[in-house]
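In what follows, a structure is listed as structure tokens, so that the remarks can point back to it.
Values in this document were obtained by computation on a predicted structure and should not be read as measured data.
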Amino acid sequence: MSRGPGGGFPGSGLARAADAAALGLPGCYDAVDLYTYDRRISSRVEVAQTLAGIEKEHGARPTVVFTDIAERPGSGVLCHPYPREVLLAALDTTEEKHLPEMSRRLAGPVPPPGTAARPAVARRELPGLLDDLPILRHRPSDAGPYITAGVGVTTRPDGSGVNLGFYRTQVVGPDEARIFLDPRTDGHRNLLAWLETGRPMPISLFLGADPALTVVAASRLPAEGDDYEIAARLLGRSLGVGGFPPVPDDATHVVTGFVEERDEVEGPFGEFKGYYAEARRSNVLTVTGVSATPGAPWPTIVAGARSGLTLMSFQNEYLMYAHLQGLGYPIRSVHYSIRARGEFLAYIETDAPSQELVREAMAFDVRSKVVICGPDLANPGQALATYGFTTRTEPYYRKGRVEGERIGLALVIPPDGWPTEY
């Protein structure tokens, strides 16, 4: 893609941004090339369509702030908000050392209050509620605009069990949405506990806070405990939170409301894994308040490609690494392929592969269809061709139904001879 003077792209409306601060973003965004798109553009499919065109020309999906949204003048939209480089910078680590560092932090104590917490931001109430936000309709066949990057915060009725999770939310009016709480999630379990008391479940959705929090929200963590404590461990500092359910002080956008027992049809929606989720019954979310930081762009995860899959692979890698290290296995690295949707194919690199290790990995991550454990997995195809392996097979369950088998490979038989020298 040919750049014009100053790093712009002639005739495209796209230009390289000076730095993250100029766009109202935290410093961790300086880890990637940031762009702005200054032509007026519609939030109804056009933003996502334009981003796809930029990605095709660019060769990769860039992080772009669209600064002139036709339906919401003065609002900006941040697309591809959580690239891997930003997540690593937010966690103050690197690609080479993040797995052992995150494993160590996860096992460590919760940092005491007041340890280098990020400063709070000033938000103001939006009188039009959801109507005042530049919420995108991402794909032509989506049922409507969707909040895709909102981190949902729920608790049990006694205030315990604070859980962070991503729950897709279809907007149907200024004060009403439909939220999909997968029955397998802790958010859904919290909802059932609230409904047993005869009351709807309070919920907060926040966006624009420290990107490291999205790693926790995307992770399959134990239901007990407080997800903010896990986030504090990973960050190595305390978090300032407030409200109920509590949201980070540095969140730029917050939506509050109640998840009702009643449901309505939600979807279809173009999921980030590359297919449409069919229309289904989902709980109604009654919105009671919306606040935003003036000038801060609205983050959105545009369905498809790396925007959501990055979070999926990142959380799978650090959790699998921490689990196996905790059991005493000498793991060098764990990699979940983006091409396999960030969760269905796991490479576990170790000099001590074994059937026992494969069994533990498959038991820990029941969603993965293929687990490969062995040395030299920087080139998995070559390793599979060179090493002999043993296999482990199990039924593969999808939505409670068997759909074929899943397989684990332990590359335990090294090749004969020695490497050829050139």
Q) Which class fits the ring pair Phe269 and Tyr146: parallel under 30°, tilted 30 to 60°, perpendicular over 60°? A) tilted
Q) Going by the side chain to side chain donor-acceptor pair (under 3.5 Å) test, which pairs reach into residues 83-93, not counting sequence neighbours? A) Arg84-Glu95, Arg84-Glu317, Thr93-Glu101
Q. Can any side-chain N or O of Ser337 pair as donor or acceptor with the backbone N or O of Arg339 at less than 3.5 Å?
A. yes
Q: Report yes or no: do Tyr336 and Asp365 form a side-chain donor-acceptor pair below 3.5 Å?
A: yes
Q. So His58 and Tyr35, would you call those rings parallel, tilted or perpendicular, with 30° and 60° as cut-offs?
A. perpendicular
**Q.** Residues Asp158 and Ser160: side-chain donor-acceptor under 3.5 angstrom
**A.** yes
Q) How about Ile338 and Met312: do any of their side-chain heavy atoms sit closer than 4.5 Å? A) no
Q) Counting distance only, does the side-chain N/O of Thr350 pair as donor-acceptor with the main-chain N or O of Pro330 below 3.5 Å? A) yes
Q: Work out which heavy atom in Thr185 is nearest to a heavy atom in Tyr167; give both atom names and the distance.
A: OG1-CE2, 3.8 Å
**Q.** Heavy-atom check, side chain of Leu106 versus side chain of Tyr321, under 4.5 Å
**A.** no
(Q) Taking Asp250's backbone N and O only, do any of them form a donor-acceptor pair with Asp210's side chain (distance below 3.5 Å, no angle check)? (A) no
Q | Heavy-atom closest pair, residues Met362 and Arg392 | A | SD-CD, 3.9 Å
Q | Heavy-atom side-chain contact between Val216 and Tyr228 under 4.5 Å | A | no
**Q.** Thr148 side-chain N/O to Ile301 backbone N/O, donor-acceptor pair under 3.5 Å
**A.** yes
Q.
Which heavy atom of Ala232 sits nearest to which heavy atom of Val110, and what is that distance?
A. CB-CG1, 4.4 Å
Q: Using modelled atom types only, decide if a donor and an acceptor are shared between the side chain of Thr50 and the backbone of Glu46 within a distance under 3.5 Å.
A: yes
**Q.** Euclidean distance, Leu377 CG relative to Leu411 CG, rounded to 0.5 Å
**A.** 6.0 Å
Q: Please tell me if the side chains of Leu213 and Leu239 come closer than 4.5 Å, counting only heavy atoms from C-beta onward.
A: yes
Q.
Could you check whether atom CZ of Phe244 has more than 12 heavy atoms from other residues, nucleotides or ligands sitting under 6.0 Å from it?
A. yes
Q | Inter-residue atom distance Glu266.CD - Glu278.CD, 0.5 Å rounding | A | 12.0 Å
Q) Where the side chain of Tyr387 meets the backbone of Ala410, is there a donor-acceptor pair that is under 3.5 Å apart? A) no
Q) At what distance, to the nearest 0.5 angstrom, does CG of Leu133 lie from CD1 of Ile147? A) 7.0 Å
Q: Can you establish whether the number of heavy atoms outside Gln382 located under 6.0 Å from its atom CD is more than 12?
A: no
Q: If a pair satisfies side chain to side chain donor-acceptor pair (under 3.5 Å) and one of its residues is in residues 64-75, list it, with sequence neighbours excluded.
A: Arg40-Asp68, Ser42-Glu71, Ser43-Glu71
(Q) As an exercise, state the distance from CZ of Phe166 to CG of Leu205, rounded to the nearest 0.5 Å. (A) 11.0 Å
Q. Taking NZ, NE, NH1 and NH2 as the nitrogens, is one of them in Arg184 or Asp182 under 4.0 Å from a carboxylate oxygen of the other?
A. yes
Q: Could you pull out the closest heavy-atom pair between Thr293 and Ala251, with the gap in Å?
A: OG1-O, 4.2 Å
**Q.** side chain to side chain contact (heavy atoms under 4.5 Å, CB included) partners for Arg262, two or more places apart
**A.** Glu176, Glu260, Glu264, Val284
Q: Answer yes when Asp142 and Arg168 have at least one side-chain N-carboxylate O distance shorter than 4.0 Å, and no when they do not.
A: no
Q) Which heavy-atom pair separates Val247 from Ser204 by the least distance, and what is that distance? A) CG1-CB, 3.4 Å
(Q) Whether the side chain of Asp30 engages the backbone of Ala20 through a donor-acceptor N/O pair (distance < 3.5 Å, no angle test) should be reported. (A) yes
Q. Does CZ in Arg44 sit with more than 12 non-hydrogen atoms of other residues, nucleotides or ligands closer than 6.0 Å?
A. no
Q.
To the closest 0.5 Å, what do you measure between CG (Leu126) and NE2 (His253)?
A. 7.5 Å
Q | Shortest non-hydrogen contact between Ala346 and Ser368, atoms and distance | A | N-OG, 3.9 Å
Q) Is the Phe66 ring parallel, tilted or perpendicular to the Tyr37 ring (thresholds 30°, 60°)? A) tilted
Q. Any donor and acceptor pair, going by atom type alone, linking the side chain of Arg105 with main-chain N or O of Gly108 inside 3.5 Å?
A. no
Q: Supply the atom-to-atom distance Ile372 CD1 to Ile348 CD1, rounded to the nearest 0.5 angstrom.
A: 10.0 Å
